[in-house]
S.K.: 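Handing you this structure, nothing more for now.
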Amino acid sequence: MARASRHQYAPAIELTTCSVEDLIDFKSFAARGQDWVDVESIVKRSGRTLDWTIIDRELAPQAALKEQPEILVRLAEIRALYEGVP
């Protein structure tokens with residue numbers, strides 16, 4: 001919750017959303033086909049603003065617990081595609 005933020009969508013509608021880093025972690029952990037499409041889109045749009053330290057720190061133990069290290073490999077491949085993109 002520390003990285004969550006509140007957004008006013010309409011006068012009477014305010015929502016709390018997770019950070020983009022947390023969203024990447026959640027979707028990478030789920031590792032379904034559409035999740036990887038979403039992760040790639042998020043990484044492409046977010047460019048250099050992503051804090052990869054947070055993503056790596058949070059996702060690595062989750063992937064280990066799930067016994068799916070390929071999650072980290074897939075995310076690294078996506079990251080490499082957009083590393084230099086502004």
S.K.: Salt bridge or not for Arg74 and Asp35, using N-O below 4.0 Å?
M.R.: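 Result for this pair is no, no salt bridge flagged.
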
S.K.: Heavy-atom distance under 4.5 Å between the side chains of Phe29 and Leu65, does that happen here?
M.R.: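 The answer is no; the side chains never approach within 4.5 Å.
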
S.K.: Any sub-3.5 Å donor-acceptor pair from Ser19's side-chain atoms to Asp22's backbone N or O?
M.R.: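 Looks like yes, one N/O pair under 3.5 Å.
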
S.K.: Output the distance between atom CG (Asp51) and atom CZ (Arg48), rounded to the nearest 0.5 Å.
M.R.: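 Atom-to-atom, Asp51:CG and Arg48:CZ are 15.5 Å apart.
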
S.K.: Run through the side-chain heavy atoms of Ile, Leu, Val, Met, Phe, Trp and Tyr, join any pair under 4.5 Å, and report what else lands in Val37's cluster.
M.R.: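 Members alongside Val37: none; it stands by itself.
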
S.K.: If you link ILVMFWY side chains whenever their heavy atoms are less than 4.5 Å apart, which other residues fall into the same cluster as Tyr9? By chain and number, please.
M.R.: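 Listed partners: Ile13, Leu15.
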
S.K.: What distance do Ile71 atom CD1 and Leu75 atom CG have between them, rounded to the nearest 0.5 Å?
M.R.: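 Between Ile71 CD1 and Leu75 CG, I get 9.5 Å after rounding to 0.5 Å.
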
S.K.: What is the distance from atom NZ of Lys44 to atom CD1 of Ile78, rounded to the nearest 0.5 Å?
M.R.: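 The NZ atom of Lys44 sits 12.5 Å away from the CD1 atom of Ile78.
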
S.K.: Specify the closest pair of heavy atoms between Glu58 and Pro61, including all atoms of both residues, with the distance to one decimal.
M.R.: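 Distance-wise, the nearest heavy atoms are O-CD, 3.6 Å.
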
S.K.: Mind checking the CD-NZ spacing from Glu40 to Lys27? Nearest 0.5 Å is all I need.
M.R.: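 Output value for this atom pair is 13.5 Å.
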
S.K.: Does atom CZ (Arg6) have a neighbourhood of more than 12 heavy atoms from anything else shown, all under 6.0 Å?
M.R.: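 Yes, CZ of Arg6 has more than 12 neighbouring heavy atoms, counting only those of other groups under 6.0 Å.
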
S.K.: With hydrophobic residues grouped by side-chain heavy-atom distances under 4.5 Å, do Leu72 and Val43 end up in a single group?
M.R.: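 Linked, Leu72 and Val43 end up in one cluster.
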
S.K.: Taking a hydrophobic cluster as the set of Ile, Leu, Val, Met, Phe, Trp and Tyr residues connected by side-chain heavy atoms closer than 4.5 Å, whether directly or through intermediates, do Phe26 and Val20 fall within one such cluster?
M.R.: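 Looking at the clustering, Val20 is in a separate group from Phe26.
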
S.K.: In terms of hydrophobic clusters joined by side-chain contacts under 4.5 Å, are Leu23 and Val39 together?
M.R.: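 Cluster IDs for Leu23 and Val39 match.
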
S.K.: With heavy-atom distances below 4.5 Å as the criterion, would you say the side chains of Arg79 and Ile24 are in contact?
M.R.: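 No - every pair of side-chain heavy atoms lies 4.5 Å or more apart.
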
S.K.: Determine whether more than 12 heavy atoms belonging to other residues, nucleotides or ligands lie under 6.0 Å from atom CD of Glu67.
M.R.: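 12 or below, so no.
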
S.K.: For Lys66 and Ala31, which heavy atoms make the closest approach, and how far apart are they?
M.R.: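 Reported closest heavy-atom pair: NZ-CB, 4.5 Å.
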
S.K.: Is there a path of hydrophobic side-chain contacts, each under 4.5 Å between heavy atoms of I, L, V, M, F, W or Y residues, that connects Tyr82 with Ile55?
M.R.: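 They do share one cluster, since a chain of ILVMFWY contacts under 4.5 Å joins Tyr82 to Ile55.
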
S.K.: Quick check: is Leu50 connected to Trp36 through a chain of hydrophobic side chains (ILVMFWY, heavy atoms under 4.5 Å apart)?
M.R.: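 Yes, because Trp36 and Leu50 connect within a single hydrophobic cluster, where side-chain heavy atoms sit under 4.5 Å apart.
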
